[in-house]
There are 2 protein chains.
Amino acid sequence: MKIGELARRSGLTTHTIRYYERIGLLAYADRDSSGQRRYGADILVWIEFLHRLKETGMPIREMMDYAALRAKGSQSGPARRRMLEQHREIVRARISQLSANLVVLDQKIAGYASAEQGTLDDDEN
Amino acid sequence: MKIGELARRSGLTTHTIRYYERIGLLAYADRDSSGQRRYGADILVWIEFLHRLKETGMPIREMMDYAALRAKGSQSGPARRRMLEQHREIVRARISQLSANLVVLDQKIAGYASAEQGTLDDDEN
DNA sequence: TTACGGGTTCGAGTACACTCTAAGTCAAGT
DNA sequence: ACTTGACTTAGAGTGTACTCGAACCCGTAA
């Protein structure tokens, strides 16, 4: 497929796909006779994985490191596993933090709700 | 207290405190006779709350809206409650998303671990 | 009195992750 | 032949949230 179709199917823009190739997140794509990028379907799996890393807050730099390991082939498996394990801890910590903050938010909202019932005055935050 | 002490106690830098004042996240602080900012202890509570909003991913623009409502006094309570309720939904969604991605990450790591045991080959991501 | 550790303002600079523009090429449809 | 839409490159611009620098002022201890 060409870059436009990949864009539609991956949810990235063509700009972003080229940008990712430039910085090494996506491998340099084979070009056809007129110089246009041609992709196989397997790149969608990789982009989806990148999307997950991004969604979980991994910085692009780290994704680049991961991509570089991946490009070295299966011998880099253990290193990639270690990266993912570290990242997993960050994600777990983030979930805990958000959950804790969610509790405080709930309390705050309950405080406002009470104030609206006239049973309490609010605390000015 | 002066800005330096507030910085130490709040975890913000003096630069950031002045920046927050500039954009309206913190109220314009009273100045002493030599023009230096003087803060009461109550601002720490507000900064801590701002920190929570930030940690949960609220953009500064929205925090500014919230701060503006707060500056209007207790009559803005209901509007603030609605803002927090909307934000709470965003936080809940984010936690769900992270949790879902965490599961995938676990599977991926398990896949690498199996590959290292020699029981499977990896899938090249 | 002079050095020091604060503080002040304004405006410029930084990091991240895109996002877009300019100027051009190319293939297919009418 | 011409238009349309998709593609190419290099490089500039954007938005967010700070972060820092320059040039200056002010109060206190040696």
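Naming convention: chains lettered A, B, ... in sequence-line order (proteins, then strands); numbering from 1 in each chain.
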Exercise for review: Please answer whether the main-chain N or O of B:Ile109 pairs with a side-chain N or O of A:Glu85 as donor and acceptor at a distance below 3.5 Å.
Suggested key: no
Practice item. May I ask you to decide if B:Ala29's main-chain N or O and B:Arg31's side chain share a donor-acceptor pair within less than 3.5 Å? Key: yes
Just to verify, what does [X] make a side-chain hydrogen bond (donor to acceptor under 3.5 Å, both in side chains) with, not counting sequence neighbours?
X: A:Ser76; value: A:Arg80
X: B:Gln86; value: none
X: B:Arg82; value: none

Check your understanding: Shortest non-hydrogen contact from B:Met63 to B:Leu50?
Key -> SD-O, 3.8 Å
Revision key, fill the gap. Footprint ends on DNA chain D, 5' to 3', for atoms under 4.0 angstrom from a heavy atom of chain A, come out as D:dC7 to D:dT9
Once side-chain contact (heavy atoms from CB on, under 4.5 Å) is applied, do any residues pair with [X], and if so which ones, sequence neighbours excluded?
X: B:Asp32; result: B:Ser34, B:Gln36, B:Arg38
X: A:Ser10; result: A:Leu6, A:Leu12, A:Ile17, A:Leu44, A:Ile47
X: A:His15; result: A:Thr13, A:Arg18
X: A:Glu62; result: A:Met58, A:Pro59, A:Met83

Practice item. Return the orientation label for the B:Trp46 and B:Tyr66 ring planes: parallel under 30°, perpendicular over 60°, tilted otherwise. Key: parallel
**Study point:** Contact list for DNA chain C against residues 13-27 of chain B - heavy-atom distance below 4.0 Å
**Key:** B:Arg18
Point to revise | Members of residues 29-41 of chain B that approach DNA chain D, where some heavy atom sits under 4.0 Å away | key: B:Ser34
Practice item. Report the end-to-end axis angle of the helix from C:dT1-D:dA30 to C:dT30-D:dA1; each axis comes from five terminal pairs, and the value is rounded to 10°. Key: 20°
Review point. Which is the 5'-most and which the 3'-most nucleotide of DNA chain C that has an atom under 4.0 Å from a heavy atom of chain A?
Key: C:dA17 to C:dA27
Point to revise | Note: A:Glu89-A:Arg92 ion pair, threshold 4.0 Å (strictly below) | key: yes
Point to revise | Ion pair B:Glu55/B:Arg52, N-O distance below 4.0 Å | key: no
